[in-house]
*Asks:* 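Pasting a structure here, questions to come.
Residue numbering restarts at 1 for every chain, and letters A, B, ... go by the order of the sequence lines.
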Amino acid sequence: MNTIITRFPPSPTGYLHIGGARTALFNWLYARKTKGTFVLRIEDTDEIRSTRESVDAILDSMEWLGIDWDDGPYFQTQRHDIYNEYIDRLVASGHAYYCDCTPEMVDAMREEAKAKGLKPMYNGHCRERNLTQSNNTVVRLKTPDTGVTVVEDVVKGSTAFQNAGIDDFIIQRSNGVAMYNLAVVVDDITMNINTVIRGDDHLINTPKQMLIYQALNAELPIFGHVPMVLGSDKSRLSKRHGAMSVGEYRTMGILPDAMINYLVRLGWSHGDQEFFERDELIEKFDLEHLGRSASMFDTDKLMALNAKHIQKKSPEELADALLPYLAELGIDAANDGFTKEVIQTLQPRSRTLVDMAEAAVFYYADEIAFEEKAAKKFLKPEAGPLLARCAEAIEALDAYTQETLEAVFKAIMEETGLGFGKIAQPLRVAVTGTTVSPGIFEMLLALGREKTVLRIKKAADSIQAAQ
RNA sequence: GUCCCCAUCGUCUAGCCCGGUCCAGGACACCGGCCUUUCACGCCGGCGACAGGGGUUCGAAUCCCCUUGGGGACGCCA
């Protein structure tokens, strides 16, 4: 079997969005799975809308997602000579011709066709005029008037298009620059692309592209048109549906592994399995189980999956990922033993890295600010002596472990006759500033004895001072 | 308007190709309960779908047709 060669061809007219990331992923996964080649090509022939910043943003997002490419990036703007060579060949072989119809004339033709209840299209006016190239001519492909062009698609099955419904479309603009459909086909041919997985909004372009392949006498690739990702109201995903660029999910604290897991499952399945590690995805991905219908993006499910990935990661891996988010909150932490312990206490209760960073702040803070409601409820006058007693007992411990801490609690419970919660909650507020935190023992242990005692004493003192 | 694609719980989906094992399975969300020092995690349970109508068949979520609904494309954009 030949080596599979796939590609991802983004247009640099914005950030890498969800839909683009998903098609990139499908192509990448399939190439990786088959030990094939994944090519990156920047389709920047629209020089007005394409920007360098977009290219950088897209590359940056791909890198973040861990989607690497084996070849490229190629830039279509640097390949004009190649396109023109093929266009000349098409004209020479009689498969294409020059046309000097003005846009106004073509508009009129479209209106005329529409009035007849037909698809608006160019009527072939210049087809037999044998024009030569001049500064106002475009090149059009001579498409068949009869018969059908059948797209064999690995996800949609076969679809027949009437050739009569395909007009002699432009392959080269009057300014000499190739049009999209031609550039794509020439690129795919010259880059040896044999597997094209793309959004199904391109399905209609496919017969046109097939006609170019045929005119060029080139072998067709395998096509797979995957359904689009829609917004929560089933309309095309747009800004009003919330974040649509993968960069935004990065800032929300989504893990790249969770992002690709979610994106792949949106339109592909492996039985009932929901959770996939990266390697597992590469191993199990296939074209046979790509879905045929459009799907809506669901942030809740992404979040839930992200929580699962956070739980399964090692504290080491998580620390590297978390550090930037801590830095964002002004915390200069390191990937050290302390941070790893901190992370372990937070793993089961964080949906995003942002959640985790926020919940981690108290571990690193020099000064604990008490939440007003929490202090009012738990740092009452009678808590002063209790906290002082706790600090004293913890300080006196030979060893600072779960067992010894439990013993301290037990002793104080017996001494005071108070329930566990009556001691734990004031302590929690004293140490974290809030009523919500990881389990009291694991949290105290992760924080360390020194900080723990210091904070409890400070809280006891402040209660004292308030009286 | 013309052409094309799609159609299972609110959402993502399994099942559909090769009809019976499906009075339809899983996940997210939601609602109960358990666990519990808080918040979570986890566990148990509940709610909840084959768009509608015709066929074909002993039998249809699965095959065929129509309707409806949704999406996409009709550019000297990609």
*Asks:* Have a look at A:Cys101 and say if it touches a base, only the backbone sugar-phosphate, or nothing, with a 4.0 Å heavy-atom cut-off.
*Replies:* base
*Asks:* Listing time: all N or O pairs from protein to nucleotides 24-28 of chain B that are below 3.5 Å?
*Replies:*
unit_1, atom_1, unit_2, atom_2, d
B:rG25, N2, A:Asp272, OD1, 2.8
B:rG26, N2, A:Glu274, OE2, 2.6
B:rA27, O4', A:Glu274, OE2, 3.4
B:rA27, N3, A:Lys301, NZ, 2.8
B:rC28, O2', A:Lys301, N, 3.4

*Asks:* Quick check: does any side chain N or O of A:Asn306 sit under 3.5 Å from a backbone N or O of A:Leu302, one acting as donor and the other as acceptor?
*Replies:* no
*Asks:* Surrounding CZ of A:Phe362 (heavy atoms of other residues, nucleotides or ligands, distance under 6.0 Å), is the total greater than 12?
*Replies:* yes
*Asks:* Does B:rG45 pair with anything, Watson-Crick or G-U wobble, both distances under 3.5 Å, and if so, with which nucleotide?
*Replies:* B:rC31
*Asks:* Using both distances under 3.5 Å as the test, list the Watson-Crick or G-U wobble partner of B:rU37, or none.
*Replies:* none
*Asks:* With sugar-phosphate meaning primed atoms plus P, OP1 and OP2, does A:Ser437 contact a base, only sugar-phosphate, or nothing at under 4.0 Å between heavy atoms?
*Replies:* base
*Asks:* Regarding A:Gln311, tell me which of base, sugar-phosphate or nothing describes its non-hydrogen contacts under 4.0 Å with the strands shown.
*Replies:* sugar-phosphate
*Asks:* Expressed as a whole number of Å, how far does the P atom of B:rC47 sit from that of B:rG26?
*Replies:* 12 Å
*Asks:* Could you identify the nucleotide paired to B:rC22, looking across every strand shown and requiring Watson-Crick or G-U wobble geometry with both distances under 3.5 Å?
*Replies:* none
*Asks:* Taking only residues two or more places apart in sequence, or in another chain, which ones meet A:Lys308 in a salt bridge (charged side-chain N to carboxylate O under 4.0 Å, His left out)?
*Replies:* none
*Asks:* Hey, which of A:Phe285, A:Trp268, A:Phe38 is the one that makes ring pair (Phe, Tyr, Trp, His ring centres under 6.0 Å) with A:Phe26?
*Replies:* A:Phe285
*Asks:* For the side chain of A:Thr159, starting at C-beta, report the closest nucleotide among B:rC39, B:rC5, B:rA14.
*Replies:* B:rC5
*Asks:* Name the residue from A:Glu371, A:Lys373, A:Arg428 that meets the side-chain contact (heavy atoms from CB on, under 4.5 Å) definition with A:Thr434.
*Replies:* A:Glu371
*Asks:* How would you label the contact of A:Phe161 with the nucleic acid (heavy atoms, under 4.0 Å): base, sugar-phosphate, or nothing?
*Replies:* sugar-phosphate
*Asks:* Decide side chain to side chain contact (heavy atoms under 4.5 Å, CB included) for A:Arg127 and A:Asp168; before the verdict, give the C-alpha distance in whole Å, the side-chain angles of both, and the deciding distance to 0.1 Å.
*Replies:* CA-CA 8 Å; A:Arg127 197 181 246 211; A:Asp168 288 351; 2.9 Å; yes
*Asks:* Return a table of donor-acceptor pairs under 3.5 angstrom between the side chains of residues 173-185 of chain A and protein atoms on other chains or two or more places apart.
*Replies:*
unit_1, atom_1, unit_2, atom_2, d
A:Arg173, NH1, A:Ala178, O, 2.8
A:Asn175, OD1, A:Val177, N, 3.0
A:Tyr180, OH, A:His202, ND1, 3.2

*Asks:* A:Ile310 CD1 to B:rA40 P: how many Å, rounded?
*Replies:* 16 Å
*Asks:* I'd like the C1' distance from B:rG33 over to B:rC50, given in whole Å.
*Replies:* 31 Å
*Asks:* Quantified in whole Å, what is the P atom distance between nucleotide B:rA51 and nucleotide B:rG25?
*Replies:* 16 Å
*Asks:* With a 3.5 Å limit on both atom pairs, tell me what B:rA73 is paired to, counting Watson-Crick and G-U wobble, or say none.
*Replies:* B:rU2
*Asks:* Which value, in whole Å, describes the distance between the C1' atoms of nucleotides B:rC6 and B:rU67?
*Replies:* 16 Å
*Asks:* Around atom NZ of A:Lys422, are there more than 12 heavy atoms from other residues, nucleotides or ligands closer than 6.0 Å?
*Replies:* no
*Asks:* Taking OP1 and OP2 of B:rA78, is either one under 4.0 Å from a side-chain nitrogen or oxygen of A:Arg173?
*Replies:* yes
*Asks:* Per the atom types in the model, does the base of B:rC6 pair as donor or acceptor with the side chain of A:Arg292 at under 3.5 Å?
*Replies:* no
*Asks:* Nearest whole angstrom, please: distance from the P of B:rC76 to the CG of A:Asp168.
*Replies:* 13 Å
*Asks:* With rounding to the nearest 0.5 angstrom, report the OH to CD distance, A:Tyr86 to A:Gln172.
*Replies:* 15.5 Å
*Asks:* Considering only atom P, compute the distance from B:rC17 to B:rA60 and round it to an integer number of Å.
*Replies:* 14 Å
*Asks:* Minimum heavy-atom separation for A:Pro120 and A:Ala113, please, with both atom names.
*Replies:* CA-CB, 4.1 Å
*Asks:* Assess the side chains of A:Gln347 and A:Lys312: does a donor N or O sit below 3.5 Å from an acceptor N or O?
*Replies:* no
*Asks:* Hey, what are the protein-to-nucleotides 45-53 of chain B N/O distances that come in under 3.5 Å?
*Replies:*
none

*Asks:* Kindly state which residues belonging to residues 108-117 of chain A come within less than 4.0 angstrom of RNA chain B, counting heavy atoms of the residue only, listed by number.
*Replies:* A:Arg110, A:Gly117
*Asks:* How about A:Tyr400 and A:Phe441: are their ring centres within less than 6.0 Å of each other?
*Replies:* no
*Asks:* Between B:rC12, B:rC5, B:rG15, which one does the side chain of A:His289 approach most closely?
*Replies:* B:rG15
*Asks:* Please report the distance, rounded to the nearest Å, between CZ in A:Phe276 and P in B:rU13.
*Replies:* 13 Å
*Asks:* Is the A:Tyr122 to A:Phe169 ring centre distance short of 6.0 Å?
*Replies:* no
*Asks:* Can you find a side chain N or O atom of A:Thr45 that sits less than 4.0 Å from OP1 or OP2 on B:rA78?
*Replies:* yes
*Asks:* Which residues in residues 425-436 of chain A have a heavy atom closer than 4.0 Å to any atom of RNA chain B?
*Replies:* A:Gln425, A:Arg428, A:Thr435, A:Val436
*Asks:* Are A:Tyr74 and A:Trp69 near enough that their ring centres are under 6.0 Å apart?
*Replies:* no
*Asks:* Report the residue from A:Leu386, A:Thr432, A:Leu444, A:Ile412 that forms a side-chain contact (heavy atoms from CB on, under 4.5 Å) with A:Leu427.
*Replies:* A:Leu444
*Asks:* So which one's nearest nucleotide on RNA chain B is more toward 5', A:Met179 or A:Leu203?
*Replies:* A:Leu203
*Asks:* With respect to the side chain of A:Lys156, which nucleotide from B:rC4, B:rC41, B:rC5 is positioned closest?
*Replies:* B:rC5
*Asks:* Just label B:rC41 as syn or anti from its O4'-C1'-N9-C4 or O4'-C1'-N1-C2 angle, using within 90° of 0 for syn.
*Replies:* syn
*Asks:* Out of B:rC3, B:rC12, B:rC76, which has the shortest distance to the side chain of A:Pro103?
*Replies:* B:rC76
*Asks:* By nearest nucleotide on RNA chain B, pick out whichever of A:Phe420 and A:Val177 is the more 5' one.
*Replies:* A:Phe420
*Asks:* Could you tell me whether the phosphate oxygens of B:rA78, OP1 or OP2, come under 4.0 Å of any side-chain nitrogen or oxygen in A:Arg49?
*Replies:* no
*Asks:* Ignoring hydrogens and angles, does a donor from either the side chain of A:Asn205 or the base of B:rA78 sit under 3.5 Å from an acceptor on the other?
*Replies:* yes
*Asks:* For B:rC12, does either OP1 or OP2 sit under 4.0 Å from a side-chain N or O belonging to A:Ser295?
*Replies:* no
